[in-house]
Trainee: 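Below: one structure in structure tokens.
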Amino acid sequence: MLSKKISIVTVLCSMVAGLAFSTVANAHPRWILPSHFSISKEGGDWLTFDVTASHGTFVLDKPAGAENARIVMPDGRQERPDTILRGKRRSVFDFHFTEEGTHRVEINNFPSYVTQYKAGKRDTRKRLRASKIERDALLPEGARDVSSTLNYTRAEAYITVGKPSDKPFPLEGKYLELQPETNPADIVATEPVRFQLFFNGKAQAGVKAEITRDGTLYRNQQEQIDVVSDEQGFIEFTPEVAGRYLLKASHRAPIENNPLADNMNVAVHLTFEAVLP
């Protein structure tokens, strides 16, 4: 009995250590907020980025990490931030942009796993952080309706130096991905915006997305735009007011023959700006 308890404690400790970053990301929507979205200065410029996890649009709350931040250059190669700092409510990183074209800044979290189950006479729904492999050692006796879910989120923003790039970034072919048909550098208030959503490399219909403008703390209504992707995976919306926006798209699907999860819950959180017309 003692060895079994020690084994369970060991599993729990290793899970907590490995999922510390993912726990914050899944409990709160995570996003990147750049100081600017475009650079016209000759020779480029430094930009700084805030990273946090929060239910409020651009409200600093939880210190989501920026250690795995990447800058995808216009030619597709990846660079690391120059400086990374982590505080109590946000992480910050800097990067010196010099190359002309559109860059994608991304922080893709690691897959994390949550198992839900029912237990007790009242069939109370409970959850624990464990995959299908880990859950057997942690589930209480008599657990019912057990299901494990893989969670994965991409946090992204696009930065353009000088002229926007024409060539889109290639898809990774995994989880949920967003590909802008309207270049983020060309988003203008009162004009339609068109993006395409993919799941495991294929255009995905039925993906729900919500778009919210900055400043929700200072207005009575969220003024949220809700859209659903069509048969080709496209979503289209019109930002009526200039400003910074957060798009959150999510998709849930079953997984077959996977040793770690029964379902997949994946998301893309894109930060962009709409400029004045």
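Each residue takes its place number in the sequence, starting with 1.
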Trainee: Linking Ile, Leu, Val, Met, Phe, Trp and Tyr by side-chain heavy atoms under 4.5 Å, what else ends up with Val228?
Mentor: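 Noted: Val228 shares its cluster with no other residue.
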Trainee: Does Glu99 pair with Arg77 as a salt bridge, N-O distance under 4.0 Å?
Mentor: yes
Trainee: Pairing donors with acceptors under 3.5 angstrom, does anything connect the side chains of Asn258 and Glu256?
Mentor: no
Trainee: State, with a plain yes or no, whether a side-chain heavy atom of Asp61 is found less than 4.5 Å away from one of His55.
Mentor: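 No, side chains not in contact.
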Trainee: Please evaluate residues Tyr175 and Leu150 with respect to the criterion side chain to side chain contact (heavy atoms under 4.5 Å, CB included), reporting the C-alpha separation (whole Å), side-chain torsions for both, the decisive distance (0.1 Å), and the verdict.
Mentor: CA-CA 10 Å; Tyr175 308 127; Leu150 179 156; 3.8 Å; yes
Trainee: Do the side chains of Glu79 and Phe95 get nearer than 4.5 Å, heavy atoms only?
Mentor: yes
Trainee: Which atoms form the tightest heavy-atom contact between Ala189 and Pro277, and what is the distance?
Mentor: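 The answer is O-CB, 3.8 Å.
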Trainee: If only atom types and distance count, is the side chain of Asp82 paired as donor or acceptor with the main-chain N or O of His96 below 3.5 Å?
Mentor: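 Pair found, side chain donor or acceptor close to backbone of His96.
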Trainee: Let me check something: do Val227 and Leu246 share a hydrophobic cluster, defined by ILVMFWY side-chain heavy atoms less than 4.5 Å apart, either directly or through other members?
Mentor: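 In one cluster with Val227: Leu246, no.
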Trainee: Are the side chain of Asn183 and the backbone N or O of Ser165 linked by a donor-acceptor pair below 3.5 Å?
Mentor: yes
Trainee: Is the NZ or CZ atom of Arg144 both under 6.0 Å from the centre of the six-membered ring of Tyr117 and within 45° of that ring's axis?
Mentor: no
Trainee: Any chance you could lay out the side chain to side chain contact (heavy atoms under 4.5 Å, CB included) test for Val268 and Glu156, step after step, and finish with the verdict?
Mentor: CA-CA 8 Å; Val268 175; Glu156 301 178 340; 4.1 Å; yes
Trainee: For Thr124, is there any backbone N or O sitting under 3.5 Å from a side-chain donor or acceptor partner on Arg122?
Mentor: no
Trainee: Decide whether Ile107 and Trp31 are clustered together by the hydrophobic rule: side chain heavy atoms of Ile, Leu, Val, Met, Phe, Trp, Tyr closer than 4.5 Å, transitively.
Mentor: no
Trainee: Under 3.5 Å, is there a donor-acceptor pair between the side chain of Ser229 and the main chain of Gln204?
Mentor: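 Here the side-chain-to-backbone pair exists.
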Trainee: Can we call the ring centroids of Phe97 and His103 under 6.0 Å apart?
Mentor: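 Yes; His103 has its ring centre under 6.0 Å from that of Phe97.
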Trainee: Under the side chain to side chain contact (heavy atoms under 4.5 Å, CB included) rule, what do Thr238 and Val193 come out as? Steps first, then yes or no, please.
Mentor: CA-CA 6 Å; Thr238 301; Val193 177; over 6 Å; no
Trainee: Kindly say whether Ser54 contributes a backbone atom to a donor-acceptor pair with the side chain of Arg30 at under 3.5 angstrom?
Mentor: no
Trainee: Does either side chain, that of Asp94 or that of Thr48, offer a donor lying less than 3.5 Å from an acceptor on the other one?
Mentor: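 There is such a pair between these side chains.
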Trainee: Between Glu67 and Arg80, is there a side-chain N and carboxylate O pair less than 4.0 Å apart?
Mentor: no
Trainee: Classify the angle between the aromatic ring planes of Phe49 and Phe93 as parallel (below 30°), tilted (30 to 60°) or perpendicular (above 60°).
Mentor: parallel
Trainee: When you compare the side chain of Gln179 with that of Phe198, does any pair of heavy atoms fall below 4.5 Å?
Mentor: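 A side-chain contact under 4.5 Å exists here.
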Trainee: Any salt bridge between Glu100 and Lys163, counting N to O under 4.0 Å?
Mentor: no
Trainee: Contact between Gln116 and Val146 at the side-chain level, heavy atoms closer than 4.5 Å - yes or no?
Mentor: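 A side-chain contact under 4.5 Å is absent here.
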Trainee: If you count the non-hydrogen atoms of other residues, nucleotides and ligands that lie under 6.0 Å from CZ in Arg127, is the total more than 12?
Mentor: no
Trainee: For the backbone of Leu176 and the side chain of Arg154, can you confirm whether one donor and one acceptor N or O come within less than 3.5 Å of each other?
Mentor: yes
Trainee: Measuring only between side-chain heavy atoms, which start at C-beta, is Arg125 closer than 4.5 Å to Asp145?
Mentor: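 In contact.
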Trainee: Going by side-chain hydrogen bond (donor to acceptor under 3.5 Å, both in side chains), name the residues that satisfy it together with Thr160, two or more places apart in sequence or in a different chain.
Mentor: Thr102
Trainee: What I'd like to find out is whether the side chain of Arg86 reaches to under 4.5 Å of the side chain of Val51, using heavy atoms alone.
Mentor: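 No, side chains not in contact.
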Trainee: Counting distance only, does the side-chain N/O of Thr115 pair as donor-acceptor with the main-chain N or O of Ala130 below 3.5 Å?
Mentor: yes
Trainee: Would you check if the side chain of Glu191 reaches a backbone N or O of Val188 as a donor-acceptor pair within less than 3.5 Å?
Mentor: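 Answer holds: no.
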Trainee: So how far is it from His251 NE2 to Tyr152 OH, rounded to the nearest 0.5 Å?
Mentor: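 Going from NE2 on His251 over to OH on Tyr152, the span is 15.5 Å.
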Trainee: Is it the case that one hydrophobic cluster holds both Phe37 and Leu270, taking links as side-chain heavy atoms less than 4.5 Å apart, direct or via other members?
Mentor: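 In one cluster with Phe37: Leu270, no.
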Trainee: Hey, are Lys132 and Asp262 close enough for a salt bridge, meaning a charged N less than 4.0 Å from a carboxylate O?
Mentor: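 Between Asp262 and Lys132 there is a salt bridge, with a charged N closer than 4.0 Å to a carboxylate O.
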Trainee: Salt bridge check: are Glu236 and Arg194 linked by an N-O gap of less than 4.0 Å?
Mentor: yes
Trainee: Distance from Gln196 atom CD to Asp230 atom CG, nearest 0.5 Å?
Mentor: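 With rounding to 0.5 Å, CD (Gln196) is 8.0 Å from CG (Asp230).
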Trainee: Closest heavy-atom contact between Ala242 and Val275?
Mentor: CB-C, 3.9 Å
Trainee: Could you list the residues that satisfy side-chain hydrogen bond (donor to acceptor under 3.5 Å, both in side chains) with Asp45, not counting sequence neighbours?
Mentor: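 Per chain and number, Asp45 pairs via side-chain hydrogen bond (donor to acceptor under 3.5 Å, both in side chains) with no residue.
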Trainee: Sub-3.5 Å donor-acceptor pair from the side chain of Ser250 to the main-chain atoms of Ala267, do we have one?
Mentor: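 Not at all, since once roles are kept as given, no pair shorter than 3.5 Å links the two residues.
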Trainee: Are Phe58 and Tyr158 connected, step by step, through hydrophobic side chains (Ile, Leu, Val, Met, Phe, Trp, Tyr) whose heavy atoms are closer than 4.5 Å?
Mentor: no
Trainee: When you check the side-chain N and O atoms of Arg135 and Ser148, is any donor under 3.5 Å from an acceptor?
Mentor: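 Yes.
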Trainee: Are side-chain heavy atoms of Ile187 and Thr182 found at a separation under 4.5 Å?
Mentor: yes
Trainee: Could you tell me whether Arg213 and Glu223 have a side-chain N and a carboxylate O separated by less than 4.0 Å?
Mentor: yes
Trainee: Please check if the number of heavy atoms outside Glu231 that lie under 6.0 Å from its CD is greater than 12.
Mentor: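 Open.
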Trainee: Is there a side chain to side chain contact (heavy atoms under 4.5 Å, CB included) between Asp50 and Ile32 once you walk through the steps?
Mentor: CA-CA 6 Å; Asp50 286 333; Ile32 307 170; over 6 Å; no
Trainee: Quick one: does Ile71's side chain get under 4.5 Å of Gln78's, heavy atoms only?
Mentor: no
Trainee: Counting only N and O atoms by type, is there a donor-acceptor contact under 3.5 Å from the side chain of Glu177 to the main-chain atoms of Glu172?
Mentor: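 Checked: pair present.
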Trainee: Cluster question for you: counting only ILVMFWY and a side-chain heavy-atom cut-off of under 4.5 Å, with indirect links fine, are Leu60 and Tyr245 together?
Mentor: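 No, because Leu60 and Tyr245 fall into different hydrophobic clusters, even though each may have its own neighbours under 4.5 Å.
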